[in-house]
Amino acid sequence: MNIDDLKSRWNSMELPPEYSGDELSDIVSRIGAGRVSSLRDRLGSISRNLALVCVCGGVIMIPYLAYTPVLGVVAIVFFVFMGLMHFRNYRRVIRIDFSVMTVREALAAVYIFERNRTRLRVIGMSLGLPMALWMCFSFTSVYGPYTLYACLAGAAIGVIIAVLVNRRAVCILREMRGQLNSGV
């Protein structure tokens with residue numbers, strides 16, 4: 001078969017009548033607009049957003065330095081530390097380049113990222129829980145008893161959001177591992 005035969009066969013092929021190019025044009029427009037992201041990019045955005053939340057938490061604690069200076073300093077140090085660790089994780093996940101790495105190297109990088117993420121979660125929970133309780137009771141003593149209910153409601157909402165974000169990150173990591181394991 002030569003190239004002319006191949007061209008004539010290609011040109012003679014017909015699309016099925018139920019085919020419409022809408023799905024393809026939608027995908028092409030999404031790619032052109034930059035709305036398609038890889039698993040690595042989505043995982044990186046989770047780490048970047050967590051770092052930004054930590055920065056916001058530190059900034060929010062600045063006004064409370066006047067009422068409870070020790071708690072304010074401890075909370076700001078905690079948020080700065082956690083923000084830097086999340087930013088470090090963001091930099092690590094962005095450095096994973098599947099086009100340059102072998103499958104084994106990429107799988108090792110994903111496992112290292114997952115291990116560091118787990119460590120960061122443990123550190124955050126073990127340091128954050130006592131600090132959150134300290135904040136609740138300190139704010140209650142400064143602002144009144146109803147503040148305790150607001151703190152507990154905020155903590156419950158925060159736990160729900162944290163579980164959802166963690167679940168999303170775990171699903172992305174699981175999918176990355178599955179794709180890499182199928183390539184080994």
Side-chain angles (χ1 to χ4, degrees), residues 37-98 100-101 104-178 180:
S37 61
S38 65
L39 293 174
R40 182 196 71 166
D41 293 340
R42 285 192 274 165
L43 195 58
S45 70
I46 289 173
S47 293
R48 184 190 64 232
N49 291 341
L50 288 173
L52 292 174
V53 165
C54 289
V55 168
C56 290
V59 170
I60 288 171
M61 288 306 298
I62 291 174
Y64 297 108
L65 288 171
Y67 300 110
T68 56
V70 175
L71 175 62
V73 169
V74 169
I76 290 172
V77 168
F78 170 78
F79 283 123
V80 166
F81 171 74
M82 292 302 291
L84 289 173
M85 293 296 104
H86 281 297
F87 186 72
R88 185 178 125 220
N89 275 354
Y90 166 71
R91 297 284 300 157
R92 279 194 173 155
V93 77
I94 291 302
R95 281 191 215 128
I96 298 174
D97 189 2
F98 296 120
V100 176
M101 299 174 142
R104 290 185 191 275
E105 289 172 343
L107 193 58
V110 168
Y111 278 121
I112 289 170
F113 175 79
E114 188 172 15
R115 183 186 67 217
N116 288 336
R117 194 179 157 283
T118 302
R119 286 180 184 166
L120 184 60
R121 270 194 356 245
V122 169
I123 290 169
M125 286 188 279
S126 61
L127 294 177
L129 184 63
M131 187 186 68
L133 290 173
W134 184 17
M135 289 168 90
C136 283
F137 291 117
S138 295
F139 294 157
T140 300
S141 66
V142 171
Y143 297 110
Y146 294 114
T147 309
L148 179 63
Y149 302 123
C151 285
L152 294 176
I157 292 169
V159 165
I160 291 169
I161 292 171
V163 166
L164 292 175
V165 168
N166 183 51
R167 182 171 177 248
R168 184 172 157 216
V170 166
C171 289
I172 291 172
L173 282 166
R174 186 178 302 132
E175 189 173 346
M176 286 175 80
R177 281 193 323 255
L180 289 169

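None of the values given here were measured: they were computed from a predicted structure.
For Ser47 (side chain) and Gly44 (main-chain N/O), no donor-acceptor pair under 3.5 Å exists by modelled atom type. Within the 3.5 Å criterion, the main-chain N or O of Leu71 finds no donor-acceptor partner in the side chain of Thr68. Without hydrogens or angle criteria, Arg40 side chain to Ile96 main chain gives a donor-acceptor distance under 3.5 Å. Using a distance-only test at 3.5 Å, with no hydrogens or angles considered, no donor-acceptor pair links the side chain of Asn166 to the main chain of Ala162.
Rounding to the nearest 0.5 Å gives a distance of 10.5 Å between OG of Ser138 and OH of Tyr143. To the nearest 0.5 angstrom, Thr140 atom OG1 is 9.5 Å from Tyr149 atom OH. A distance of 13.0 Å separates CG of Leu84 from CZ of Arg91, quoted to the nearest 0.5 Å. Here His86 contributes atom NE2 and Asn116 contributes atom CG; the two are 12.0 Å apart, rounded to the nearest 0.5 Å. Taking CZ of Arg121 as the start and CZ of Arg117 as the end, the distance is 5.0 Å to the nearest 0.5 Å.
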Exercise for the section: With side-chain contact (heavy atoms from CB on, under 4.5 Å) as the test, would you mind laying out the steps for Arg174 and Val170 before giving the verdict? Expected result: CA-CA 6 Å; Arg174 186 178 302 132; Val170 166; 3.4 Å; yes
Exercise for the section: Just do the side-chain contact (heavy atoms from CB on, under 4.5 Å) check on Val74 and Val77 with the steps written out, would you? Expected result: CA-CA 5 Å; Val74 169; Val77 168; 5.9 Å; no
Exercise for the section: Determine, step by step, whether Met82 and Leu120 satisfy the side-chain contact (heavy atoms from CB on, under 4.5 Å) criterion, reporting the C-alpha distance in whole Å, the side-chain angles of both residues, the deciding distance to 0.1 Å, and the verdict. Expected result: CA-CA 8 Å; Met82 292 302 291; Leu120 184 60; 3.6 Å; yes
Exercise for the section: Please lay out, stage by stage, how Val59 and Phe79 fare under the test side-chain contact (heavy atoms from CB on, under 4.5 Å). Expected result: CA-CA 9 Å; Val59 170; Phe79 283 123; over 6 Å; no
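The aromatic rings of Tyr64 and Phe139 lie tilted to each other, with the angle between the two planes from 30° to 60°.
Taking 4.5 Å as the limit, some side-chain heavy atom of Ile46 sits within range of a side-chain heavy atom of Ile172. Contact annotation: the side chain of Ile76 approaches that of Leu65 to within less than 4.5 Å [non-hydrogen atoms, C-beta and beyond]. Considering only heavy atoms from C-beta on, Met176 comes within 4.5 Å of Phe98 through its side chain. At a threshold of 4.5 Å between non-hydrogen side-chain atoms, the residues Arg119 and Met85 do not count as touching.
The local environment of CZ in Arg167 is sparse, with at most 12 non-hydrogen atoms from other residues, nucleotides or ligands closer than 6.0 Å.
Listed by chain and residue number, Glu114 satisfy the side chain to side chain donor-acceptor pair (under 3.5 Å) test with Arg177 (two or more places apart in sequence, or in another chain). Considering only residues two or more places apart in sequence or on other chains, Tyr90 meets the ring pair (Phe, Tyr, Trp, His ring centres under 6.0 Å) condition with Phe87.
Of all heavy-atom pairs spanning Met101 and Ala109, the tightest one is CE-CB, 4.1 Å. The shortest non-hydrogen separation linking Ser45 to Arg168 is OG-NH2, 4.5 Å. Of all heavy-atom pairs spanning Cys136 and Cys151, the tightest one is SG-CB, 3.0 Å. Here the closest non-hydrogen pair linking Phe81 and Ile123 is CE2-CG2, 3.8 Å.
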